[in-house]
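Order of the sequence lines sets the chain letters (A, B, ...), proteins ahead of strands, with each chain counted from 1.
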Amino acid sequence: MVTIQRNDLQTLFDALERRGYRIISPTVRDEAIILDTVHSADDLPKGRGEEQSAARYRLNRREDDALFGYAVGPHAWKQFLYPPVQTLLQARREGTSRSSGEPGFALLNPEGADEEPAMAFVGVRPCDLAAIRRLDAVFLQGPFQEPGYARRRSRALVVVAQCTAPSGTCFCASMNTGPSAPDGFDIALTEVLSTGPTVYLAESGSERGAEILRDVTCRPSTSEEISAAARAIESAAGRMGRHVDLDGLSETLRRSIEHVRWQQTAQRCLSCANCTMVCPTCFCSTVEDTTDLTATIAERRRRWDSCFTLDYSYIHGGSVRPSGMSRYRQWIMHKMSTWVDQYGTYGCTGCGRCITWCPVGIDITQEVAAVQHPSIESVTPPRENVHG
Amino acid sequence: MANAPDLMAESAVLAEAPDPMRPRLFRIAKFTHNTHDTFTVALEDLETGAGIGFRPGQFNMVYLYGVGEIPISISGDPQDRSVVIHTTRAVGTVTKAMRSMRKGDTLGLRGPYGVPWPVDRARGRDVVIVAGGIGLAPLRPVLYHCLAHRNEMNKLVLLYGTRSPVDILYREELESWRARFDLDVYVSVDRGMEGWHGNVGFVSTLIAKAPFDAGNTTAYLCGPEVMMRVCATELIKRGVPDHELFVSMERNMKCGIGFCGHCQLGPVFICKDGPVFPYPRMRNLLSPWEL
Ligand SMILES: Cc1cc2nc3c(=O)[nH]c(=O)nc-3n(C[C@H](O)[C@H](O)[C@H](O)COP(=O)(O)OP(=O)(O)OC[C@H]3O[C@@H](n4cnc5c(N)ncnc54)[C@H](O)[C@@H]3O)c2cc1C
Ligand code: SF4
Ligand code: SF4
Ligand code: FES
């Protein structure tokens, strides 16, 4: 463990830029902390904190000079690893078939994606590192690997900021994804405010992280600093605004398809898809096909999608989930139950974004608790769903 | 750009991996209209001139230039690698555009994908194939397989139901199969019409009539979900063990390989965990609960 003085943190940014990384970190824009390209430690949200509750997000000023004094904002790292719009394919019309007049075509070679600089994610919260690892399971575990994700992910450097500033909608401690990450990072920083001037305790978690740290101005950490860091993390675990009881949760939900709560919450849900867009683990996508005006170039584009849309489950004859109830239930079931069957972990990391950014303040932790509660009333099944 | 050498090495390796979302191009070698709304294409790889190896029940993602990409089961003979056969019902944007294609036209294919029908399970047993409508297409490779390995199984029964006599798919082939002594073919239509002397009623009504030893039967079902549910219930009632029933499921699919999320049905991804499943795994999911 080494200690970096507040003023020397810039040497970490310099070390990353020298190696050609595009540095991405939390930064303030339009009264929110978002993720964007930065060049220096001064671009971090210095002295900023935030207030989060259901359907509410406000930036405020802290009384200290903390650089990591907030939880997570509306952006998640998935936008860099799996961008919202990706070109899958370009094809060019070539010749015309003699029998039908339909065009023949050829596939164009993809543009040289290798020229993108590798990314360094600085200030990744443990819950968000857990989210990246959820996405790894989706895109890398197989049977097929998503090559764009694989390329960006394997080149990306992860600098975690262990969490010392949870918000009112956080519950990573109950999801076992935070407030500190034991591994999976290249470098982990812990911001320590209590021992005097602000310092950063740093440890490496990979060869490449260690190599970078050798270029950073630092000194060995004192035992006082190490125990202050541990206390800050421990206190964070106790200050989260939300809680989920994981005991038998995925099983309980599996048995609760008919629970009356789905119907009740669906009456408040606007099906706006905000929760799936801000969720750091939601990975769903759709594909759009377009041609230029003369139909000489065709393109396939992948775009983030949400299970809250009607089209999402469309098969001829109609949607498989026509009611808001069934779409809302799909989202919670996937995050808290079927993800476990699919990937062996919960799909929710407890980051709290969906609670903060839901326009009507639907709270996944309350929803889950309502279904776990033993007083189950049944609803009548919806009408027979005939398709095909 | 001065990237650390290990990063460069890793990215170079990954760049070589073929993109599973990129189709191969195929030419339509033969185009046949089956019924008023179904048609069959035989496809050859533009580069190799051949088809692809596949197992009964697998599907391809079929890409039409500028229009879209959809999952279609392979409905040809698994022993024949000279062409890829797809039988499609024209129902919407992509399938209708495909119906207007002709011999010589080009389309893209990715695949074959998905878990096949467990055809080897039928050794020493009776085989009952239950198809509803276009569901006969994904089951035809099972029939081809069974006929090619006919002495490995006991009775072989096909129960096929469709809307009306004009909707009967693969009519000539059905006639020739019906003429065989080693295969029992039963066809039923939901609505009869003049000149139709066959069965009228849902395909499930054929289950009671067909000759098979229920306790020693393996059954493969494909069709609308309601049909599969009703038929599975009938087969179980007749004494077929539920773990000897297999169903093929359908959901919206945008990738076919586990990336897009669209094909989820509760805990499973139809594209990579299916489309073929043992019935007990689907029993609670084939419910009217909009899962
Ligand atoms: C594993 C699998 C195998 C299939 N095998 C066959 C087959 O052998 N023959 C055949 O005729 N049909 C088959 N289908 C159904 C076929 O994929 C749909 O009829 C087709 O996608 C409809 O597309 P469209 O653009 O013509 O229809 P539209 O109604 O215009 O649909 C728009 C989009 O919705 C989606 N969609 C619509 N209906 C379906 C559907 N039933 N299943 C999945 N996605 C759908 C597609 O993405 C489609 O592009 C299969 C489906 C699956 C999942
Ligand atoms: S479900 Fe909500 S709390 Fe859980 S990871 Fe997604 S956005 Fe965060
Ligand atoms: S199915 Fe819904 S909840 Fe699950 S990953 Fe996709 S968008 Fe998110
Ligand atoms: S079709 Fe995309 S995940 Fe199954």
Engineer: Which answer fits B:Phe31, side chain, backbone, both or neither, if we ask what part of it has an atom under 4.5 Å from a heavy atom of chain A?
Structural biologist: neither
Engineer: For residues B:Tyr113 and A:Phe144, establish whether the separation of their ring centroids is below 6.0 Å.
Structural biologist: yes
Engineer: Which atoms of A:Glu146 come close to chain B, meaning under 4.5 Å heavy atom to heavy atom: side chain ones, backbone ones, both, or neither?
Structural biologist: both
Engineer: If you count heavy-atom pairs within less than 4.5 Å of chain B, which of A:Thr291, A:Asp311, A:Leu89 leads?
Structural biologist: A:Leu89
Engineer: Between A:Ile297, A:Thr290, A:Asp305, A:Asp289, which shows the greatest number of heavy-atom pairs under 4.5 Å with chain B?
Structural biologist: A:Asp289
Engineer: Sort out for me which of B:Gly135, B:Gly68, B:Gly92, B:Cys255 touches chain A most, counting heavy-atom pairs under 4.5 Å.
Structural biologist: B:Gly68
Engineer: For a quick check under 3.5 Å, do A:Thr309 and A:Ser306 share a side-chain donor-acceptor pair by atom type?
Structural biologist: no
Engineer: For B:Leu25, is it the side chain, the backbone, both or neither that has a heavy atom under 4.5 Å from a heavy atom of chain A?
Structural biologist: side chain
Engineer: Step by step, work out the ring-ring contact (aromatic ring centres under 6.0 Å, His included) result for B:Trp117 and B:Tyr220.
Structural biologist: CA-CA 8 Å; B:Trp117 299 103; B:Tyr220 305 107; 5.7 Å; yes
Engineer: Please classify the contact between B:Val67 and chain A as side chain, backbone, both or neither, with a heavy-atom cut-off of under 4.5 Å.
Structural biologist: backbone
Engineer: Between A:Arg92 and chain B, which part of the residue has a heavy atom less than 4.5 Å away: side chain, backbone, both or neither?
Structural biologist: backbone
Engineer: Taking A:Lys78 for its side chain and A:Cys279 for its backbone only, find out whether a donor-acceptor pair lies under 3.5 Å.
Structural biologist: yes
Engineer: Do A:Arg134 and A:Thr345 meet the criterion of a side-chain donor-acceptor pair at a distance under 3.5 Å?
Structural biologist: yes
Engineer: Please state whether the side chain, the backbone, both or neither of A:Arg152 comes within less than 4.5 Å of a heavy atom of chain B.
Structural biologist: neither
Engineer: With a 4.0 Å cut-off, would you call A:Arg329 and A:Glu258 a salt bridge?
Structural biologist: no
Engineer: Which atoms of A:Arg254 come close to chain B, meaning under 4.5 Å heavy atom to heavy atom: side chain ones, backbone ones, both, or neither?
Structural biologist: neither
Engineer: Any donor-acceptor pair under 3.5 Å linking the side-chain atoms of A:Gln342 with those of B:Gln264?
Structural biologist: yes
Engineer: Pick one of side chain, backbone, both or neither for B:Leu107, based on which atoms fall under 4.5 Å of a heavy atom in chain A.
Structural biologist: backbone
Engineer: Quick one, A:Glu288 with A:Arg300, criterion salt bridge (Lys or Arg N to Asp or Glu O under 4.0 Å). Give me CA distance, side-chain angles, the key distance, then yes/no.
Structural biologist: CA-CA 6 Å; A:Glu288 291 172 352; A:Arg300 312 205 74 218; over 6 Å; no
Engineer: Please classify the contact of A:Thr286 with chain B as side chain, backbone, both or neither, using a heavy-atom distance under 4.5 Å.
Structural biologist: both
Engineer: Side chain from CB out, backbone as N, CA, C, O: work out which of these in A:Leu107 comes under 4.5 Å of a heavy atom of chain B, or both, or neither.
Structural biologist: both
Engineer: Does the side-chain hydrogen bond (donor to acceptor under 3.5 Å, both in side chains) test come out yes or no for A:Thr296 and A:Thr294, once each step is laid out?
Structural biologist: CA-CA 5 Å; A:Thr296 30; A:Thr294 54; 2.7 Å; yes
